[in-house]
Protein chains: 4
Amino acid sequence: MTTRNELGTRVSRSRAAVIGATAQLLTEGGLGAATIDAIRDRSGVSKTTIYKHWPNRLCVAIDAFADRLALDTAMPDTGTAREDLTQQIRTVSAFYSSPVGSAFAGILSQAAQDEDARAWLETRLADSRQHGIHVLWQRAVLHGEVRSDLTADLAFDILFGPLMWRLVTGRQALDDGEVDALVASVLV
Amino acid sequence: MTTRNELGTRVSRSRAAVIGATAQLLTEGGLGAATIDAIRDRSGVSKTTIYKHWPNRLCVAIDAFADRLALDTAMPDTGTAREDLTQQIRTVSAFYSSPVGSAFAGILSQAAQDEDARAWLETRLADSRQHGIHVLWQRAVLHGEVRSDLTADLAFDILFGPLMWRLVTGRQALDDGEVDALVASVLV
Amino acid sequence: MTTRNELGTRVSRSRAAVIGATAQLLTEGGLGAATIDAIRDRSGVSKTTIYKHWPNRLCVAIDAFADRLALDTAMPDTGTAREDLTQQIRTVSAFYSSPVGSAFAGILSQAAQDEDARAWLETRLADSRQHGIHVLWQRAVLHGEVRSDLTADLAFDILFGPLMWRLVTGRQALDDGEVDALVASVLV
Amino acid sequence: MTTRNELGTRVSRSRAAVIGATAQLLTEGGLGAATIDAIRDRSGVSKTTIYKHWPNRLCVAIDAFADRLALDTAMPDTGTAREDLTQQIRTVSAFYSSPVGSAFAGILSQAAQDEDARAWLETRLADSRQHGIHVLWQRAVLHGEVRSDLTADLAFDILFGPLMWRLVTGRQALDDGEVDALVASVLV
DNA sequence: TACTAAACGAGACGGTACGTCGCGTCTTATT
DNA sequence: AATAAGACGCGACGTACCGTCTCGTTTAGTA
């Protein structure tokens, strides 16, 4: 086996160090603190190497974000579709309002003007873009619990949009009652 | 009164030139193009003067944005609360997906990490923050058309969040049917 | 008088600081030490400003070199052409073997592959290229002291080439007797 | 004897490939083009191997240069010392102004600040440093054709210095008449 | 009408981060 | 043992945009 991608490879050790350092920096100072030079200093990985793995600093931030996202938003399975959805929205909402999550708005809006970053976002968050919500949604559809005038896409917009909007307008995350009301908006 | 703030004043001429140039630049190349030097070149107003009127470039962008927002989203009055709301959401959605509007996500997320800009946003968009929607919402409340489990705040989040989310995830604005469904989410 | 070029101007103060720092660095560690960042640190002038005045680091070095050259190789006037020539060759030889002078070979050979630097060299050393030797040579010609089979150009090559060659091959500068013999090569 | 240094050895095949590739690169783009990575790509020899045979890139260049020098400047034997000298100077002058030769100035001036390279130069060009000129000079001495006030060293400086000086100042090589005049400078 | 204070223009400047390039080292198979 | 493949750290490069500054000029409103 010539090309391994396992832990222990030099590549994956560098990658991990960079992602870790970046996540720390995002946590501490937001997107603005996740400077390439800061990442280098924190991770001990040289700029050369960083740029060999990522096209620019935004893509590093995306990976660091995606990493934490995957860790922090495991999909629930409570038995009922409504409860699962509610649970998931709460989790994601909490993540967005966490230090790393709050960098997401910045990442998204910067990525809007960067071809590389847009593509990177696509591949890193594509399927998990709605954070595993598709599966939950399908369950709810099967149970006949969803509003008939909503496509899945629009439903997701209604569910996630407000979370991001709260974040971006600098207000508190939704509390439990608000999440209930939000989920109610898309179910019958 | 020695120093007036009317048209014709040197100050207000500078201000107008800067706002205009900035709006153009936002239109053409997004927030990234609205460089201070670009604004200077385009407006003919020197950096010295620009920084005498605004604390930093983000605040200039905010004013340029607010200017266009005021122009492009006049409040409707169709007679029925539901229709007014729908109309307004359509207008705002259209504005967000316009070139200048699409810079809004960037403005917001940058402003999140800039005290001056946050304050500026507050004062410039404060009352019109939800774009005159408060009045419309009050009308709907009086007509008993709104869901009882929603506060005004949450309702606005549900209405505006998805618009921004679409913008920020790089997809099309909501079409008319989708806006209908969205508005339906907050009404009985 | 709007645009002055005198001492005291911000521009000329920066320029002087940069040239001075560069000359020091050339002295201490040769061309390799005259890094842009080192020049910035030493001079207190920012990279931005340096690059506003010079197209690249080689051109800065050229100016620093030219500056010292002008200072250190004033033209002699002893009365006799032969003696003047000898004097001048001694002076230039000494300068070449001085710390700054010894960077000259590097400057020249690097400039060979850099269009900007070549042009810069041309303008900075053009007339003084042969270090004022033209005048001395003309005097010698008038006195009928020069070999008839030599053009001025070839004569200068014979006079200066060996100085540079010594430098570049890492040997001592010519001693007085050797300079006498060298000058004798081009005179009758 | 297991490790021979003859053609056919892995070592010597690598060596030859590297030297050849380097010479090509020097020809095409001067010293600046003879990058270690370029040499690797061109020669198919890995960096590991290159650095096993040479301490740094300058030394590779030196060997490539010396190789071509040996090929292109065979010593003449016309019968008369003056003619031999003239011939040799012409040959060397031509070589210096050839693409590979013109990298020589760069090699020398870089080597001036690199201990390894200086040593390398010494061993590779030492005896042939003046390109076999010693022998010719001895012949001329025996014939009583040389100026009595010149040591061999100074004579060589006068002969070779101008060649390099022309090269380094970016002008044409000496033409035949000029070489005649140059040689005349060191003979009676 | 002349004066004076504010506003302004031009542009030099320091600073921070960017993304790139080449060097020479090191690691890990392969031959 | 010598090689290939290529990841890596390092240090310098030249660029971009920020926001500050200095200095000389214009422009209103007053004296």
Side-chain angles (χ1 to χ4, degrees), chain A residues 1-4 8-15 32-40 44-58 116, chain B residues 1-4 8-11 13-14 32-40 43-58, chain C residues 1-4 9-15 17 32-40 43-58, chain D residues 2-3 9-11 13-14 32-40 44-58:
Chain A
M1 216 191 308
T2 319
T3 313
R4 297 164 312 144
T9 313
R10 288 217 273 170
V11 169
S12 44
R13 256 175 302 161
S14 299
R15 223 197 86 92
T35 284
I36 286 292
D37 291 81
I39 295 171
R40 163 176 57 73
V45 173
S46 73
K47 285 172 70 172
T48 314
T49 300
I50 297 174
Y51 280 108
K52 207 161 278 168
H53 294 327
W54 292 273
N56 57 46
R57 98 187 177 113
L58 207 45
D116 283 332
Chain B
M1 214 194 305
T2 321
T3 312
R4 299 160 308 141
T9 313
R10 271 165 103 197
V11 169
R13 257 175 301 160
S14 298
T35 285
I36 285 293
D37 292 80
I39 295 172
R40 162 177 55 72
S43 67
V45 174
S46 74
K47 288 170 70 171
T48 316
T49 302
I50 297 174
Y51 279 107
K52 204 158 282 170
H53 293 329
W54 291 272
N56 58 44
R57 96 181 176 119
L58 207 45
Chain C
M1 216 192 306
T2 319
T3 312
R4 298 164 310 146
T9 313
R10 286 217 276 170
V11 169
S12 46
R13 255 175 303 160
S14 299
R15 222 197 87 93
T35 284
I36 286 292
D37 291 83
I39 295 171
R40 163 177 57 72
S43 68
V45 173
S46 73
K47 284 172 71 171
T48 313
T49 300
I50 297 174
Y51 280 109
K52 206 160 279 167
H53 293 329
W54 292 273
N56 58 45
R57 95 184 179 115
L58 207 45
Chain D
T2 322
T3 312
T9 314
R10 268 164 105 194
V11 168
R13 255 175 304 160
S14 298
T35 284
I36 285 292
D37 292 80
I39 294 171
R40 163 177 55 73
V45 173
S46 72
K47 287 170 73 170
T48 318
T49 304
I50 297 174
Y51 279 108
K52 203 156 284 170
H53 294 330
W54 292 272
N56 58 45
R57 96 181 178 118
L58 207 45

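Lettering follows sequence order; numbering is per chain, from 1.
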Grab the [atom1]-[atom2] distance between [X] and [N] for me, whole Å please.
{"X": "D:I36", "N": "E:dT25", "atom1": "CD1", "atom2": "C1'", "value": "12 Å"}
{"X": "A:N56", "N": "E:dC18", "atom1": "CG", "atom2": "C1'", "value": "10 Å"}
{"X": "B:D37", "N": "E:dG9", "atom1": "CG", "atom2": "P", "value": "14 Å"}
{"X": "A:I39", "N": "E:dG19", "atom1": "CD1", "atom2": "C1'", "value": "13 Å"}

Taking only the side-chain nitrogens and oxygens of B:R13, find out if one of them lies under 4.0 Å from OP1 or OP2 of F:dA28.
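Answer is yes, contact under 4.0 Å.
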
Between D:R57 and E:dC23, does any side-chain N or O lie under 4.0 Å from OP1 or OP2?
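Looking at the OP1 and OP2 atoms of E:dC23, one of them is under 4.0 Å from a side-chain N or O of D:R57.
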
Give every residue pair that meets the salt bridge (Lys or Arg N to Asp or Glu O under 4.0 Å) criterion with at least one member in residues 45-54 of chain B, sequence neighbours excluded.
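Output for this query lists B:D37-B:K47.
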
Rounded to the nearest 0.5 Å, how far apart are CD1 of C:I36 and CG of C:L58?
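Result: 10.0 Å between the selected atoms.
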
My understanding is that only residues two or more places apart in sequence, or in another chain, count here; which of them pass side chain to side chain contact (heavy atoms under 4.5 Å, CB included) with D:A33?
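Not a single residue meets the side chain to side chain contact (heavy atoms under 4.5 Å, CB included) criterion with D:A33.
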
How would you list, by chain and number, every residue that makes a side chain to side chain contact (heavy atoms under 4.5 Å, CB included) with C:A17, sequence neighbours excluded?
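Side chain to side chain contact (heavy atoms under 4.5 Å, CB included) check on C:A17 returns C:S43, C:V45.
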
Given that B:G44 and C:R40 both sit by DNA chain E, which one's nearest nucleotide is further toward the 5' end?
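Here B:G44 is the residue nearer the 5' end.
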
With a 4.0 Å heavy-atom cut-off, tell me which residues in residues 45-53 of chain C come close to DNA chain F, sorted by residue number.
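Within this stretch, C:K47, C:T48, C:Y51 sit under 4.0 Å of the strand.
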
Contacts of C:T49 that satisfy side chain to side chain donor-acceptor pair (under 3.5 Å) - sequence neighbours left out:
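C:T49 satisfies side chain to side chain donor-acceptor pair (under 3.5 Å) with C:S46 only.
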
With sequence neighbours excluded, tell me which residues meet side chain to side chain donor-acceptor pair (under 3.5 Å) with A:T48.
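Per chain and number, A:T48 pairs via side chain to side chain donor-acceptor pair (under 3.5 Å) with no residue.
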
